[in-house]
Protein chains: 2
Amino acid sequence: MIPLAYALLGLLARAPASGYDLIREMEEPIGFFWHARRSQIYPELARLEEAGFVAHTVVEQQERPDKKVFAITDAGRAALAAWAAEPMRIPPERDEFMLKVFSLWLADPPSALTLIRSYASQHAERLARYEAIRATMERNAAAGELRRLHSPRFASYATLLRGIEYERGYVAWCQWLIETIEADDSGEPE
Amino acid sequence: MIPLAYALLGLLARAPASGYDLIREMEEPIGFFWHARRSQIYPELARLEEAGFVAHTVVEQQERPDKKVFAITDAGRAALAAWAAEPMRIPPERDEFMLKVFSLWLADPPSALTLIRSYASQHAERLARYEAIRATMERNAAAGELRRLHSPRFASYATLLRGIEYERGYVAWCQWLIETIEADDSGEPE
DNA sequence: TAAGTCATGTAAAAAGTTACATGATTCT
DNA sequence: AGAATCATGTAACTTTTTACATGACTTA
């Protein structure tokens, strides 16, 4: 099974949902660390159902299209729990921005600065968004809930803290890069 | 063109190389932020040649198989420089470990700790490796070289510093997670 | 003698993205 | 009147991974 399958199971382990719901949850909160389009989600849900890890019931609605609400099965929950605890190797890193930086010595300083500033501001925006979510979570959490492994909210909170760390680090590094390039008074290439 | 194409151009902009050389350079240093197998590299090189961004000459060798040495063309260098400075949106994040953490509330504390400790030690190992490379780079660099945008070594150094930040952040977060789970004296799920 | 390095590829399968396809209701 | 939301999918294409394929020389 591909990671997407476990992403979907991870959401359904918290609450039943339709494909449409899952697509939105795939943007937030799963989108902070995984991504999929609906053209991948619908077939994957069908595969999970065939494997017996989820089951759906059709919910008829007035004034809205009918929907299929999926729920995780015991087998699905067991498969998810087993996968979650299974140790893993670090997968290959992929950061297209680093690829740009690797060849940025070919660019002139103003273009390089524009690139980096634009990227830094996107990361700063994300950081602000994550911090806001964090504040909300901390406000709404029951006492100790965000410190207990068996709580799904703790799990979400943990991933959010990692996201905050990540964005902070990225922004700080961009800042360093910008300052270094601004301080560079040597000529341009060629 | 896919990012891999620019990864290859980025390497060839520094020095001509054979496909085989590029495969090794794809592990280090590009491997720190991009990844590809040889089955993707050879065809991509052919595509770059067809597009006129690289050109090869066959170098005959005694006691070793002949090799094709690729060099970047002016058109290739121009395409690379343009791409490198082009602003980009943050691409979708993908972190399978976070996906596990998201569902880790289903696991028992000992299994969860084993998972996290294993992952943390892998990141700590990488951090140590990066720090070692950093020390070597700083020792071998000419004065100011690592602070000048137009130097390819500066570009490599910048990506390395980001890698160090990243690994440090990951290790620190793992540590926090481990401590939090160890401090959790509430019961197990179910 | 077995494993590792140098050297270059192809084929098939899986995963992921983009584009196509439809239609009612609700909000601006 | 037009855009957004609810709701579910398929088709075609691109990207990436895994497996197949070969062969000489060097090091342990």
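Note on naming: letters A, B, ... go to the chains in the order of the sequence lines (proteins, then strands), and numbering restarts at 1 for each one. The basis for the numbers below is simple: all heavy atoms, side chains too, and nothing from hydrogens, waters or symmetry mates. Not measured: the values here are computed from a predicted model.
The ring-ring contact (aromatic ring centres under 6.0 Å, His included) test applied to Tyr157(A) returns no partner, not counting sequence neighbours. Applying the ring-ring contact (aromatic ring centres under 6.0 Å, His included) criterion to Phe33(A), with sequence neighbours excluded, gives Phe102(B). In this structure Glu179(A) satisfies the salt bridge (charged side-chain N to carboxylate O under 4.0 Å, His left out) test with no other residue, sequence neighbours excluded. Listed by chain and number, the residues in a salt bridge (charged side-chain N to carboxylate O under 4.0 Å, His left out) with Glu49(B) amount to none (sequence neighbours excluded). Applying the ring-ring contact (aromatic ring centres under 6.0 Å, His included) test to Phe97(A) and every residue at least two apart in sequence or in another chain returns Tyr119(A). Listed by chain and residue number, nothing satisfies the ring-ring contact (aromatic ring centres under 6.0 Å, His included) test with Trp34(A) (two or more places apart in sequence, or in another chain).
Applying the salt bridge (charged side-chain N to carboxylate O under 4.0 Å, His left out) rule to pairs touching residues 115-125 of chain A yields Arg117(A)-Glu182(A), sequence neighbours excluded. Applying the side chain to side chain donor-acceptor pair (under 3.5 Å) rule to pairs touching residues 88-98 of chain B yields Arg126(A)-Glu93(B), Asp95(B)-Tyr170(B), sequence neighbours excluded. Contacts classified as salt bridge (charged side-chain N to carboxylate O under 4.0 Å, His left out) and involving residues 54-82 of chain B (residues at least two apart or in different chains) are not found.
For Glu96(A) and dG16(C), the CD to P distance is 17 Å, given to the nearest whole Å. Between Ile23(A) atom CD1 and dT17(C) atom C1' the separation is 14 Å, expressed in whole Å. In this entry the distance linking NZ of Lys67(A) with P of dT5(D) reads 16 Å, nearest Å. The interatomic distance linking Glu25(A) (CD) with dA7(D) (P) rounds to 13 Å, in whole Å. Between the CD atom of Glu44(A) and the C1' atom of dG16(C) there is a distance of 11 Å, rounded to whole Å. Tyr42(A) has its OH atom 11 Å from the P atom of dT10(D), to the nearest Å. In this structure, the CG atom of Leu22(A) is 14 Å from the P atom of dC6(D), given to the nearest Å. Following rounding to the nearest Å, His56(B) (NE2) and dA7(C) (P) show an atom-to-atom distance of 15 Å.
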Readout for nucleotides 12-22 of chain D: B = base within 4.0 Å of protein heavy atom, S = sugar-phosphate only, - = neither; 5' to 3' it is ---SSBBBBB-
Nucleotides 22-28 of chain C: which of its N/O atoms have a protein N/O under 3.5 Å away?
| from | atom 1 | to | atom 2 | distance (Å) |
| --- | --- | --- | --- | --- |
| dT26(C) | OP1 | Glu63(A) | OE1 | 3.0 |

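A salt bridge between Glu165(B) and Arg168(B) is absent, with no side-chain N of the basic residue lying under 4.0 Å from a carboxylate O of the acidic one.
Each end of the helix from dT1(C)-dA28(D) to dT28(C)-dA1(D) yields a helix axis from five base pairs, and these two axes differ in direction by 50° (to the nearest 10 degrees).
Within the structure, a side-chain polar atom (N or O) of Gln61(A) is placed less than 4.0 Å from OP1 or OP2 of dA7(D). At the phosphate of dT8(D), neither OP1 nor OP2 sits under 4.0 Å from any side-chain N or O atom of Tyr20(A).
Toward the 5' end of DNA chain D, the nearer of the two residues Arg24(A) and Phe70(A), judged by each one's closest nucleotide, is Arg24(A).
Tyr130(B) has its ring centre no less than 6.0 Å from the ring centre of Tyr166(B).
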